[in-house]
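Below, read A as the first sequence line, B as the second, and so on, with proteins coming before strands; counting in each chain starts at 1. Predicted model, so just to flag it, every value in this text is computed and none were measured.
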There are 2 protein chains.
Amino acid sequence: MAVTLADVATRAGVSAATVSRVLSGNYPVAGATRTRVMRAVEELQYVVNGPASALAAATSDLVGVLVNDIADPFFGIIASAVQGEMGTGVQGGSGGQKLAVVCNTGGSTESELTYLTHLQRQRAAAVVLTGSGVEDEKHGAALATRLRRLAAGGTRIVLCGRPPLAPPGQKEGQESQEARERGQDHGQGQGQEQDPERAHGREAARTPPDEGEPAPAPGDGIVTIAFDNRGGSRRLTEHLLSLGHRSIGYVTGPADRTTTRDRLEGHRLALRAGAPELLAQAEQFTVHGGAYDRSSGYDGALELLRRVPDLTAVLAANDTVALGICAALRDQGLRIPEDVSVAGFDDLPFSADASPTLTTVRIPLHDAGARAGRLALGRETPPPGGVATVRTELMARGSTAPPSGRRA
Amino acid sequence: MAVTLADVATRAGVSAATVSRVLSGNYPVAGATRTRVMRAVEELQYVVNGPASALAAATSDLVGVLVNDIADPFFGIIASAVQGEMGTGVQGGSGGQKLAVVCNTGGSTESELTYLTHLQRQRAAAVVLTGSGVEDEKHGAALATRLRRLAAGGTRIVLCGRPPLAPPGQKEGQESQEARERGQDHGQGQGQEQDPERAHGREAARTPPDEGEPAPAPGDGIVTIAFDNRGGSRRLTEHLLSLGHRSIGYVTGPADRTTTRDRLEGHRLALRAGAPELLAQAEQFTVHGGAYDRSSGYDGALELLRRVPDLTAVLAANDTVALGICAALRDQGLRIPEDVSVAGFDDLPFSADASPTLTTVRIPLHDAGARAGRLALGRETPPPGGVATVRTELMARGSTAPPSGRRA
DNA sequence: GCCCGTTCAGCAAGCGCTTTCTATTGGTGG
DNA sequence: CCACCAATAGAAAGCGCTTGCTGAACGGGC
């Protein structure tokens, strides 16, 4: 039905092997032959059969990108940065091109796992997990196990915007046993001896410098690009404190997310260091938002105002929430920043041109995503220890100012 | 290396064929056997090798979703609706589950084609193209050809939110021939007559009855879910006219996009019908925005104000642009809707809780996406003629009101 | 003039799974 | 009691591509 390699070979008057080699471009082929083959390919509009080639070569050109919310620019920016790295840095041949596919988990641990299964089934070349992870004991373990299995199978794993995986617990139950068994089988039967080259090639690629040791040091080869949420949040709160605020509300993100926790912790750290007297009532000043969305901010601000009428500043889990807060405050007749200061987190594009411009913490999402992409492709050497933390930067803008004292 | 079907078979004491059948569940297998196999699968943590099975079965479980801007909720909503349909309606077996992968074209025709190549290579089960297409003669032809080839190869094609493909020109031949035609087009310039074909195609699509010809009329199996942008836009303008506005600005979307054109056309149609005297200066009241984003609206509004100081209403290409317009107007000290009315398009979630709530035109994006997903899976019978147009609905809200007369 | 190193192309063996066709049952009706 | 059929399971032939190995042709050095 479809055009096959053999068809092209016939047309070009060569063998299928030669066509394959011309297309992958990793084998010497005489110029004339190459030209003839390319012409045949053109004429026949030949397109490689991905599954077949993936099967034969035991590689795939799929790279999965898991995001919590496809409609959130936070993820959109990361995802497109990752995609941007996929087609680059290769010669003419269509080889080397990867297909980045973004999978929308909707923040559900279940579909996260489902997608991983799909990607594993496709033998994806790499998987990039973005955004905050869910802090659930059970899920965390399941996820870690799964990721390590994937990594062991040759899929590169990159975490972007979430903390590194916890080291494998001592429990793991049957899983570990299974794994162990399988490992043994391999060693003896078809394992390393079967295709020492491939295995070796992979190792070499992963650890150019340090090798020699049998044990993969920080090991499993899972790379992490963490965001310094805590530090950024801390600096943000310090900024507010230094402006003179002492009545600072906080609307968090959804519970059980690493990002939510880290940002809140940073906030508390700043309080502890700069205004310990506020710590006692900290919980009173904290509203736990249900999501990283606008309405969460709107409702949170209202709740906060109810609890603390003389509020002079509100911190948000992220920029989107901050915008919701702004809306709520305005609806209550409060001016920003004269009556209440507001600050967000992430520095998404719209924050700079909101009115007033939003004070926030900038995360270099694009850079982080691009780096994640390169790591996923193995085009960049992993950071020492397998973990890199990207710096965050306070962007003090129009939405924060000293408390006017006019209220309260 | 990885666990294979054969491993499972050995462990379960059956043949590989049996395991395969148990997993795909489309063949009678004795209960006891099935149980044994399932247990072995569990114990070995077996995951099917996608490429191998795709190769053998000549099918794939990939469904591609092409979007113009992954960070825009418009696409996010459609994409997640499509994804939502993927895993549904199947029994226990992991069969039937498809993997919806979203590919971000960034609105570039080039990467649209690149992604299609990738998906063709993967032998994707279906491809859903969302959002406005680019109105470029050359690209349009290339795209149509490509899509038809894909469709011919068994990949289901669904267009969601863009007009149906132009019928295959009499050409289709070699590149050279297309090039020739292009040359002619250039020579003549680009008047309205430039794409008579498309216009005709649309007509035909709208009127399924007229057919009868042997030609595979709606044929190629490519299904379209079009949005009634023109009608919605027209109703929106009618709304403004009926409120008494006579000085109505319009900030368009990016040039050469079907959606941009259709919405503007709807607007002009309403003017022609309801206030023909305004048509003469229509171009004066129209600012051509560069993108469907906020800053495009902000800048557009400023420009409009410069040209037409006594503006009483502004229509935006979409909601995001409308928000930018609102920001600009506010920054100019104008109140909405007292001084100027503003309206958007799409009715994205944030529009309902903006302040003031935004008058807009609702497109059932979720429903449309879900339907596209079902069509892609072949779980819903295509509409007659292969084209369905989803209705749009005027949502009159707080951002529009009668002109106050206070200004101008 | 012979031998060997190069270069380039073909052969053929799989990759792991699906699926057709065939074999082995155990039951049934005549 | 035997031929026959339904129900299951297995054997084996690919699916289209990659790649190790073999082979042919050519050139240069001794």
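- To the nearest angstrom, P of dC15(C) lies 12 Å from CG of D7(B).
- Taking the side chain of A30(B) as heavy atoms from C-beta on, and the options dC8(C), dG16(C), dT8(D), the nearest nucleotide is dT8(D).
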Protein N or O to nucleotides 18-20 of chain C N or O, pairs below 3.5 Å:
unit_1, atom_1, unit_2, atom_2, d
dT18(C), OP2, S20(B), OG, 2.5
dT20(C), O4, R21(B), NH1, 3.0

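- For the side-chain hydrogen bond (donor to acceptor under 3.5 Å, both in side chains) test, residues two or more places apart in sequence or in another chain that qualify with D61(A) are Q122(B).
- Listed by chain and number, the residues in a salt bridge (charged side-chain N to carboxylate O under 4.0 Å, His left out) with R371(A) are E380(A) (sequence neighbours excluded).
- The distance between atom CG of L44(A) and atom C1' of dG16(D), rounded to the nearest whole Å, is 15 Å.
- For the helix from dG1(C)-dC30(D) to dG30(C)-dC1(D), the axis fitted to the five pairs at one end and the axis fitted to the five pairs at the other end meet at an angle of 50° (nearest 10 degrees).
- Not counting sequence neighbours, S60(A) has no partner by the side-chain hydrogen bond (donor to acceptor under 3.5 Å, both in side chains) test.
- For the pair R36(B) and P51(A), both in contact range of DNA chain D, the more 5′-proximal nearest nucleotide belongs to R36(B).
- Residue-to-nucleotide proximity on DNA chain C shows that, of T33(A) and N49(B), the 5′-proximal contact is made by T33(A).
- Salt bridge absent: E85(B) and K98(B) never bring a charged side-chain N and a carboxylate O closer than 4.0 Å.
- Checking dC17(D), dC11(C), dA9(D) against every side-chain atom of S15(A), the shortest atom distance belongs to dC11(C).
- Among residues two or more places apart in sequence or in another chain, the salt bridge (charged side-chain N to carboxylate O under 4.0 Å, His left out) test is passed with R146(A) by none.
- In terms of the salt bridge (charged side-chain N to carboxylate O under 4.0 Å, His left out) criterion, R21(B) has no residue partners (sequence neighbours excluded).
- Residues satisfying the side-chain hydrogen bond (donor to acceptor under 3.5 Å, both in side chains) criterion with R36(B), sequence neighbours excluded, are absent altogether.
- For T35(A), the side-chain hydrogen bond (donor to acceptor under 3.5 Å, both in side chains) criterion is met by no residue, not counting sequence neighbours.
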